[in-house]
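First up is the structure itself, then whatever we jot down about it.
Counting convention: from 1, in listed order, for ligands and their atoms alike.
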Amino acid sequence: MGIAGISGGRLRIDLDAIAANYRLIARRVGPAEVGAVVKANAYGLGATEVAQALYKAGCRLLFVAHLGEALALRSVLPDETRLVVLNGLPTGAEPACAKAAVIPVLNSTEQACRWADTARQAGTRLPAALQFDSGMGRLGMAVEDLASLAADTGFHAAVDIAMIMSHLACADTPEHPANAAQLACFQAASRLVPGVPHSLANSGGAFLPPDFHADIVRAGIALYGGSPNRGGPNPMQPVVGLEGRIIQIRTVAAGSRVGYGHSHYCERESRIATVGVGYADGLPRSLGNRGAVWHGGQRLPIVGRVSMDSITVDVTTLPADRIRAGDWVELIGPHQSIDRFADDAGTISYEMLTSLGARYDRSYIDQAMGDRGEIA
Ligand SMILES: *Cc1c(COP(=O)(O)O)cnc(C)c1O
């Protein structure tokens with residue numbers, strides 16, 4: 001923990017739980033390898049800390065979105081860690097990528113040609129992942145382009161295909177018919193490029209039948225405690241604890257209104273606690289008059305709008321001696337999962353995590369290292 005009282009919220013990130021979640025997925029999908037997706041600062045939780053914890057847990061393959069994220073991780077991880085850039089490379093970024101021994105995902109024939117040229121100029125063979133679109137309609141080359149590259153001996157001479165990959169659009173909804181359709185496309189396309197690892201599944205895909213696991217699973221949200229399947233029971237350990245500090249508790253008369261726009265009306269005399277976390281800390285404004293925090297085993301509704309630096313909570317149901325200024329209330333924790341909190345805000349765990357602000361007092365739980373706290 002940091003110096004007492006300098007921030008309005010505190011965020012605990014359990015690196016041991018991330019390691020446990022990694023091992024759980026690895027057991028589930030074995031013998032497939034689990035690569036960890038640590039893009040966007042490891043979903044807001046700290047790329048360096050998370051990547052190092054995953055390395056200790058045995059993970060040797062990491063995925064990020066941008067080359068800059070890979071370069072930042074290169075210097076804090078052992079060289080044997082393979083770093084893959086999902087979004088591929090813009091023109092001109094190839095030499096820096098090659099120099100850092102980072103593996104780009106080639107999403108088009110044009111990107112593949114540029115990477116092959118880079119290899120020829122460097123006088124070496126360079127590794128790459130090839131992504132094709134099996135039905136997500138986002139990134140990747142057409143299956144026909146994959147077939148052409150697979151038959152191109154000049155390309156093979158320059159590029160070492162480290163992985164063939166595609167991405168599922170509906171993996172968090174096991175019964176969705178798109179999953180079977182994408183799997184069929186993936187398997188047919190994979191046969192065009194035999195003898196290299198194939199990868200289709202994200203977290204949701206890891207909890208689909210074994211055919212979906214292929215050789216490499218790319219796990220993100222499940223490592224961080226988010227549910228890999230919509231609505232179903234969540235098999236993952238919780239990773240994030242988020243609490244806000246009560247700045248002040250005020251008693252307001254029946255008929256009072258609370259917050260910007262006077263959007264909450266007090267039917268009765270009420271006790272309103274102001275908690276020092278707001279939209280500048282990543283709480284969606286959509287939590288205004290929706291959702292709750294927890295304290296003393298009670299659910300306390302958020303009333304009024306979300307402000308930049310605070311929210312207001314109706315604590316009338318708790319006796320005055322059970323909640324006081326200076327107390328911490330739970331936003332994410334044992335009573336309220338990340339998925340529940342995100343659902344109340346009309347969003348998903350991914351967005352909640354990647355929005356977590358920079359002002360929290362951040363601490364990491366890491367048994368292997370002994371607990372250590374850091375102030376963001
Ligand atoms: C973000 C991402 C993942 C990880 O997805 P989760 O649902 O968080 O497990 C895997 N593959 C690709 C291509 C991605 O962009």
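Of the protein's heavy atoms, Asn202 CB, 3.5 Å lies nearest to atom 5 (O) of ligand 1. If you check which protein heavy atom lies closest to atom 7 (O) of ligand 1, you get Tyr350 OH, 2.6 Å. Protein heavy atom in closest approach to atom 11 (N) of ligand 1: Arg218 NE, 2.9 Å. The protein atom (non-hydrogen) at minimum distance from atom 12 (C) of ligand 1 is His167 CE1, 3.4 Å. Atom 9 (O) of ligand 1 has its closest protein heavy atom at Ser203 OG, 2.5 Å. Ranking protein heavy atoms by distance to atom 4 (C) of ligand 1, first place goes to Tyr43 OH, 3.4 Å. Scanning the protein for heavy atoms near atom 14 (C) of ligand 1, the closest one is Lys39 NZ, 3.0 Å.
Polar contact check, Ile221 against ligand 1: a nitrogen or oxygen pair lies under 3.5 Å apart.
Screening Val37, Val105, Val102, Leu62 against Val84 for a side-chain contact (heavy atoms from CB on, under 4.5 Å) leaves a single residue, Val105. Test Gln298, Glu330, Arg299 against His335 for side-chain hydrogen bond (donor to acceptor under 3.5 Å, both in side chains) and you get one pass: Glu330.
The closest approach between Phe63 and ligand 1 stays at or above 4.0 Å for every heavy atom of the residue. Heavy-atom distances between Arg138 and ligand 1 reach below 4.0 Å in at least one pair.
Taking the centre and axis of the six-membered ring of Tyr364, the NZ or CZ atom of Arg12 falls outside the cone set by 45° and 6.0 Å.
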*asked:* The test is side-chain contact (heavy atoms from CB on, under 4.5 Å); show your working for Ile311 and Leu287 and say whether it passes.
replied: CA-CA 9 Å; Ile311 53 175; Leu287 281 171; over 6 Å; no
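The closest side-chain donor-acceptor pair between Thr274 and Gln248, if any, does not fall under 3.5 angstrom. For the residue pair His295 / Arg322, no side-chain donor-acceptor distance below 3.5 Å is found, with atom types taken as modelled.
No continuous path of hydrophobic side-chain contacts links Met163 to Met136 [ILVMFWY only; heavy atoms under 4.5 Å].
Remark: ligand 1 atoms within the under-4.0 Å shell around heavy atoms of Leu86 are 12 (C), 13 (C), 14 (C), 15 (O).
Residue-level proximity to ligand 1 for Val37 is carried by the side chain, the only part with a heavy atom below 4.0 angstrom.
Ring geometry, Phe132 versus Phe186: the interplanar angle falls under 30°, so the pair is classed parallel (tilted spans 30 to 60°).
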